[in-house]
S.K.: 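I am attaching a structure below and will ask some questions about it afterwards.
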Protein chains: 2
Amino acid sequence: MELHPRTTTELANLLRDHDITATLQRVEIARTLLAKKQHVSAEQVMTKVNKGRYIVSKATVYNTLRLFAGKGIIKEVIVNPSKIFYEPSTTSHHHIYNVDTGELIDFEAELPQMASLPEVPEGLMVVGVDVTVRVRAGAAVA
Amino acid sequence: MELHPRTTTELANLLRDHDITATLQRVEIARTLLAKKQHVSAEQVMTKVNKGRYIVSKATVYNTLRLFAGKGIIKEVIVNPSKIFYEPSTTSHHHIYNVDTGELIDFEAELPQMASLPEVPEGLMVVGVDVTVRVRAGAAVA
DNA sequence: ATTCGTGCAAACCCTTTGCAAAGAG
DNA sequence: CTCTTTGCAAAGGGTTTGCACGAAT
């Protein structure tokens, strides 16, 4: 999926391509989420969308985020149990999470380690591999 | 750190070695957590401890889990924002998380990929690397 | 008409906190 | 005696849900 759908029509088509009925609110939420590489919380999505022309309720934001994540157009980033972040589903990358500040930084990784991944139990399929590097203020690696 | 059921004295010494005042409650919580390889929630810890001779309150369980995690004798496992799991700090391993059932399985990994980890920004130090393989029911990898 | 989506507010639930009593050193 | 730890209950806060209204076919 590219990362610059821009027009309302493009966004609506993107949603339909993922079996999502394109409504006004969903298009606006998608526009906000997919505008650029970023990690945003539900609250941030609501705030950003509501600065625009259309108003979206909290329930709709949560419903939509879950829907989008389930359909694969965005990904949940779970680094801190107190708040979920969402990001556009782009190419494989992982996260550096600053436990002091909550800051989240992407890093590209081809997952060469894929080779070393475990065999998953019979009857299960891998739906994702998340790598989180936790960092905090301090000297670099000894 | 070894991983066996221990005597009260051994547990108390372990706590002191980690700069933790050894109290009755903390020893019992440590005994439960360190009994074996496992992933337990705060609630499970409380239930297990309270089946024994001593009763521990919810506040103490949460305080103690945070304390232990900060001192490094246990690790938080964050795979699902709705509940934190805790496990003994043992050798490096990672997790397979079944998103359907919530089941969590360990897998050993020497992190050969350490070589491919990003350079962390100046002034930061790595405190941990978590790898989570998310799986669900379905055919194996195509 | 029937189905799906939205919005408001209340409910949920894990976790944290305030404060008084008990324990450790 | 002083500082720390515990326990109870209440508060906190992101997320979810119940239900009525509105939109679409």
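Just so it is clear: chains get the letters A, B, ... in the order the sequence lines come, proteins before strands, and each one is counted from 1. Since we're looking at a predicted model, the values are computed, not measured.
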S.K.: Please identify each residue that fulfils side chain to side chain contact (heavy atoms under 4.5 Å, CB included) with A:Glu87, with sequence neighbours left out.
M.R.: A:His39, A:Lys75, A:Val77, A:His93, A:His95, A:Asp106
S.K.: I need the CG-C1' distance between B:Asn50 and D:dC8, as an integer number of Å.
M.R.: 14 Å
S.K.: Closer to the 5' end of DNA chain C via nearest nucleotide, is it A:Val56 or B:Thr21?
M.R.: A:Val56
S.K.: Tell me the interatomic distance from A:Ile20, atom CD1, to C:dT6, atom C1', rounded to whole angstroms.
M.R.: 16 Å
S.K.: CD1 of B:Ile55 versus P of C:dG23: gap in Å, rounded?
M.R.: 15 Å
S.K.: Would you say A:Leu104 and A:Ile96 make side-chain contact, with heavy atoms under 4.5 Å?
M.R.: no
S.K.: Does one side chain, of A:Thr8 or A:Arg31, offer a donor that lies under 3.5 Å from an acceptor on the other?
M.R.: yes
S.K.: Could you tell me the separation between the CG atom of A:Leu67 and the P atom of C:dC4, rounded to a whole number of Å?
M.R.: 13 Å
S.K.: Starting from P on C:dG23, measure out to CZ on B:Arg26 and report it in whole angstrom.
M.R.: 15 Å
S.K.: Using whole Å, report how far CD of B:Gln44 lies from C1' of C:dT15.
M.R.: 16 Å
S.K.: Return yes if a side-chain donor-acceptor contact under 3.5 Å exists between A:Lys83 and A:Gln44, otherwise no.
M.R.: no
S.K.: Atom CG of A:Leu15 to atom C1' of C:dC4: distance rounded to whole Å?
M.R.: 15 Å
S.K.: Measure from OH on B:Tyr54 to P on D:dT6 and round the result to the nearest Å.
M.R.: 14 Å
S.K.: Does any residue of residues 99-106 of chain B have a heavy atom under 4.0 Å from DNA chain C, and if so, which ones, in number order?
M.R.: none
S.K.: If you define the side chain from C-beta out and look only at heavy atoms, does anything of A:Arg134 sit under 4.5 Å from B:Asp130?
M.R.: yes
S.K.: Reading nucleotides 13-22 of chain D from the 5' end, what letters show protein touch, with B for base, S for backbone sugar-phosphate only, - for no heavy atom under 4.0 Å?
M.R.: -SBBB-----
